[in-house]
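Reading through the C-alpha coordinates given below for one structure.
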Amino acid sequence: MEQMTVQIVTPEGVRYDHHASFLLCRTIEGELGIYPGHTSLIAPLDIAEIKVRRVDDQNHVDWIAVNGGIIEVVDNMISVVSDAAERERDIDVSRAERAKLRAERELQEAEAAHAGDQARRARVALQRALNRIHVSSR
(Lines give C-alpha, C1' and ligand atoms only; values in the text may rest on other atoms or scores of the structure.)
Protein backbone atom coordinates (compact mmCIF):
# COMPACT_ATOMS: atom_id res chain seq x y z
CA MET A 1 0.00 0.00 0.00
CA GLU A 2 1.33 3.40 -0.95
CA GLN A 3 1.64 5.85 1.89
CA MET A 4 2.71 9.36 2.75
CA THR A 5 4.52 10.76 5.74
CA VAL A 6 2.71 13.63 7.46
CA GLN A 7 4.69 15.91 9.72
CA ILE A 8 3.27 18.99 11.45
CA VAL A 9 5.78 21.36 12.99
CA THR A 10 5.28 24.41 15.22
CA PRO A 11 7.80 26.65 17.01
CA GLU A 12 7.56 24.16 19.91
CA GLY A 13 8.73 21.31 17.65
CA VAL A 14 7.15 18.35 15.87
CA ARG A 15 3.49 18.10 16.91
CA TYR A 16 2.49 15.24 14.60
CA ASP A 17 4.45 12.60 12.67
CA HIS A 18 2.67 9.56 11.14
CA HIS A 19 2.24 7.63 7.92
CA ALA A 20 -1.03 8.28 6.14
CA SER A 21 -3.12 7.12 3.22
CA PHE A 22 -5.09 10.38 2.95
CA LEU A 23 -5.02 13.98 4.21
CA LEU A 24 -7.69 16.65 3.97
CA CYS A 25 -6.98 20.29 4.79
CA ARG A 26 -8.32 23.74 3.98
CA THR A 27 -6.11 26.20 2.18
CA ILE A 28 -7.05 29.84 1.71
CA GLU A 29 -8.26 28.80 -1.78
CA GLY A 30 -10.47 25.92 -0.54
CA GLU A 31 -10.32 22.28 0.57
CA LEU A 32 -7.45 20.09 -0.57
CA GLY A 33 -7.44 16.30 -0.48
CA ILE A 34 -4.09 14.54 -0.82
CA TYR A 35 -3.43 10.87 -1.64
CA PRO A 36 -0.07 9.15 -2.17
CA GLY A 37 1.51 10.23 -5.45
CA HIS A 38 0.04 13.74 -5.27
CA THR A 39 1.79 16.36 -7.35
CA SER A 40 4.23 18.65 -5.54
CA LEU A 41 2.76 21.85 -4.14
CA ILE A 42 3.08 24.58 -1.56
CA ALA A 43 -0.05 26.36 -0.30
CA PRO A 44 -1.07 28.67 2.56
CA LEU A 45 -3.43 27.07 5.08
CA ASP A 46 -6.52 28.60 6.60
CA ILE A 47 -7.33 28.38 10.31
CA ALA A 48 -9.05 25.00 10.20
CA GLU A 49 -8.79 21.30 10.92
CA ILE A 50 -6.60 18.76 9.19
CA LYS A 51 -7.95 15.23 8.76
CA VAL A 52 -5.38 12.41 8.50
CA ARG A 53 -6.31 8.81 7.72
CA ARG A 54 -3.47 6.77 9.17
CA VAL A 55 -1.95 3.74 7.45
CA ASP A 56 -1.64 1.68 10.64
CA ASP A 57 -5.42 1.77 11.22
CA GLN A 58 -7.61 2.59 8.21
CA ASN A 59 -10.60 3.00 10.52
CA HIS A 60 -8.82 5.68 12.56
CA VAL A 61 -8.73 9.35 11.64
CA ASP A 62 -6.62 11.93 13.43
CA TRP A 63 -7.97 15.47 13.62
CA ILE A 64 -5.55 18.34 14.16
CA ALA A 65 -6.50 21.98 14.72
CA VAL A 66 -4.04 24.33 13.01
CA ASN A 67 -3.86 28.11 13.15
CA GLY A 68 -3.06 28.58 9.49
CA GLY A 69 0.44 28.03 8.16
CA ILE A 70 1.96 26.48 5.06
CA ILE A 71 1.58 22.99 3.61
CA GLU A 72 4.19 21.48 1.31
CA VAL A 73 3.83 18.20 -0.58
CA VAL A 74 6.91 16.61 -2.18
CA ASP A 75 7.46 12.92 -3.00
CA ASN A 76 4.83 11.57 -0.57
CA MET A 77 6.15 13.79 2.23
CA ILE A 78 3.63 16.28 3.60
CA SER A 79 5.07 19.02 5.78
CA VAL A 80 2.90 21.52 7.61
CA VAL A 81 4.43 24.50 9.37
CA SER A 82 2.06 26.39 11.66
CA ASP A 83 2.34 28.69 14.65
CA ALA A 84 0.08 26.28 16.60
CA ALA A 85 -1.31 22.77 16.11
CA GLU A 86 -3.22 20.49 18.50
CA ARG A 87 -4.61 16.99 18.12
CA GLU A 88 -8.20 16.51 19.24
CA ARG A 89 -7.13 14.56 22.33
CA ASP A 90 -4.75 17.33 23.47
CA ILE A 91 -7.19 20.24 23.35
CA ASP A 92 -8.18 21.75 26.68
CA VAL A 93 -11.85 22.42 25.94
CA SER A 94 -12.48 24.65 28.95
CA ARG A 95 -9.50 26.81 27.96
CA ALA A 96 -10.81 27.01 24.38
CA GLU A 97 -14.27 27.98 25.66
CA ARG A 98 -12.74 30.76 27.79
CA ALA A 99 -10.74 31.98 24.76
CA LYS A 100 -13.97 32.03 22.72
CA LEU A 101 -15.79 34.12 25.33
CA ARG A 102 -12.83 36.49 25.63
CA ALA A 103 -12.61 36.91 21.84
CA GLU A 104 -16.36 37.55 21.56
CA ARG A 105 -16.14 40.22 24.26
CA GLU A 106 -13.10 41.85 22.61
CA LEU A 107 -14.84 41.80 19.23
CA GLN A 108 -17.91 43.54 20.65
CA GLU A 109 -15.75 46.18 22.32
CA ALA A 110 -13.67 46.76 19.19
CA GLU A 111 -16.73 47.08 16.98
CA ALA A 112 -18.36 49.51 19.43
CA ALA A 113 -15.16 51.61 19.42
CA HIS A 114 -14.81 51.31 15.61
CA ALA A 115 -11.30 49.91 16.13
CA GLY A 116 -10.71 48.01 12.87
CA ASP A 117 -7.35 46.42 13.71
CA GLN A 118 -8.54 45.35 17.14
CA ALA A 119 -11.70 43.86 15.62
CA ARG A 120 -9.68 41.89 13.03
CA ARG A 121 -7.45 40.45 15.77
CA ALA A 122 -10.51 39.51 17.83
CA ARG A 123 -12.11 37.79 14.80
CA VAL A 124 -8.95 35.72 14.26
CA ALA A 125 -8.82 34.81 17.97
CA LEU A 126 -12.50 33.80 17.80
CA GLN A 127 -11.90 31.69 14.68
CA ARG A 128 -8.98 29.91 16.39
CA ALA A 129 -11.03 29.18 19.51
CA LEU A 130 -13.98 27.89 17.49
CA ASN A 131 -11.64 25.67 15.45
CA ARG A 132 -10.16 24.14 18.62
CA ILE A 133 -13.64 23.56 20.08
CA HIS A 134 -14.83 21.95 16.84
CA VAL A 135 -11.81 19.64 16.59
CA SER A 136 -12.07 18.63 20.25
CA SER A 137 -15.59 17.31 19.62
CA ARG A 138 -14.44 14.89 16.86
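A donor-acceptor pair is defined here as one N or O able to donate and one able to accept, closer than 3.5 Å; such a pair exists between the side chain of Thr27 and the backbone of Gly30. Listed for the Asn131 side chain is no donor-acceptor partner under 3.5 Å among the backbone atoms of Ala65.
Around CD of Glu111, the count of heavy atoms belonging to other residues, nucleotides or ligands within 6.0 Å exceeds 12. More than 12 heavy atoms of other residues, nucleotides or ligands lie within 6.0 Å of CG in Asp56, so this atom counts as buried by the packing criterion.
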For this session: May I have the step-by-step check of side-chain contact (heavy atoms from CB on, under 4.5 Å) for Met4 and His19, ending in yes or no?
Result: CA-CA 5 Å; Met4 308 172 291; His19 295 292; over 6 Å; no
For this session: Could you give me the CA-CA distance, side-chain angles and deciding distance for Glu97 and Val93, then say whether side-chain contact (heavy atoms from CB on, under 4.5 Å) is met?
Result: CA-CA 6 Å; Glu97 291 284 352; Val93 179; 4.2 Å; yes
For this session: Give the C-alpha distance, both sets of side-chain angles, the deciding distance and a yes or no for side-chain contact (heavy atoms from CB on, under 4.5 Å) between Ile8 and Val14.
Result: CA-CA 6 Å; Ile8 300 175; Val14 176; over 6 Å; no
For this session: Determine, step by step, whether Asn76 and Gln3 satisfy the side-chain contact (heavy atoms from CB on, under 4.5 Å) criterion, reporting the C-alpha distance in whole Å, the side-chain angles of both residues, the deciding distance to 0.1 Å, and the verdict.
Result: CA-CA 7 Å; Asn76 289 328; Gln3 63 184 20; over 6 Å; no
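The closest side-chain heavy-atom distance from Ser136 to Glu88 is not below 4.5 Å. The shortest side-chain heavy-atom distance between Leu23 and Ile71 falls under the 4.5 Å cut-off. A heavy-atom distance below 4.5 Å is found between the side chains of Lys100 and Leu126. Leu45 places a side-chain heavy atom less than 4.5 Å from the side chain of Val80. Looking at heavy atoms from C-beta onward, Ile34 lies out of side-chain contact with Phe22 at the 4.5 angstrom threshold. Within the 4.5 Å cutoff, side-chain heavy atoms of Val74 are placed close to those of Glu72. Using a 4.5 Å heavy-atom cutoff, the side chains of Arg15 and Val9 are not in contact. Looking at heavy atoms from C-beta onward, Asp90 lies in side-chain contact with Arg87 at the 4.5 angstrom threshold.
Looking at every heavy atom in both residues, Pro11 comes nearest to Asp83 through CD-O, 3.5 Å. Shown here for Ala96 and Ala129, the closest heavy-atom pair between the two residues is O-CB, 3.8 Å. Nearest heavy-atom pair across Ser21 and Pro36 is O-CD, 3.3 Å.
In terms of hydrophobic clustering, with Ile, Leu, Val, Met, Phe, Trp and Tyr side chains grouped at heavy-atom distances under 4.5 Å, Val55 and Val52 are assigned to different clusters. Put simply, Val73 and Ile28 are part of two different groups of oily side chains (I, L, V, M, F, W, Y) that touch within less than 4.5 Å, one to the next. In this structure, Ile64 is a member of the same hydrophobic cluster as Leu32, with clusters built from ILVMFWY side-chain heavy atoms closer than 4.5 Å. Both Val61 and Ile91 are assigned to one and the same hydrophobic cluster, defined by single-linkage of ILVMFWY side chains at heavy-atom distances under 4.5 Å. In the hydrophobic clustering of this structure, Leu24 groups with Tyr35; members are Ile, Leu, Val, Met, Phe, Trp, Tyr whose side-chain heavy atoms approach within less than 4.5 Å, directly or through other members.
Counting only residues at least two apart or on different chains, the side chain to side chain donor-acceptor pair (under 3.5 Å) pairs with a member in residues 39-51 are Arg26-Asp46, Glu49-His134, Glu49-Arg138.
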Only pairs under 3.5 Å count here: list side-chain donor-acceptor contacts from residues 114-122, not counting sequence neighbours, and write none if there are none.
residue: Asp117; atom: OD1; partner: Arg120; partner atom: NH2; Å: 2.2

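Expressed to the nearest 0.5 Å, how far OG1 of Thr5 lies from CD1 of Ile78 amounts to 8.5 Å. With values rounded to the nearest 0.5 angstrom, Asn67 atom CG is found 4.0 Å from Arg128 atom CZ. Atom-to-atom distance recorded for Trp63:CH2 and Ser137:OG is 10.0 Å, nearest 0.5 angstrom.
With 3.5 Å as the limit, one finds a donor-acceptor pair spanning the side chains of Glu12 and Thr10.
Arg132 has a carboxylate O that lies under 4.0 Å from a charged side-chain N of Glu86, or vice versa, which qualifies the two as a salt bridge.
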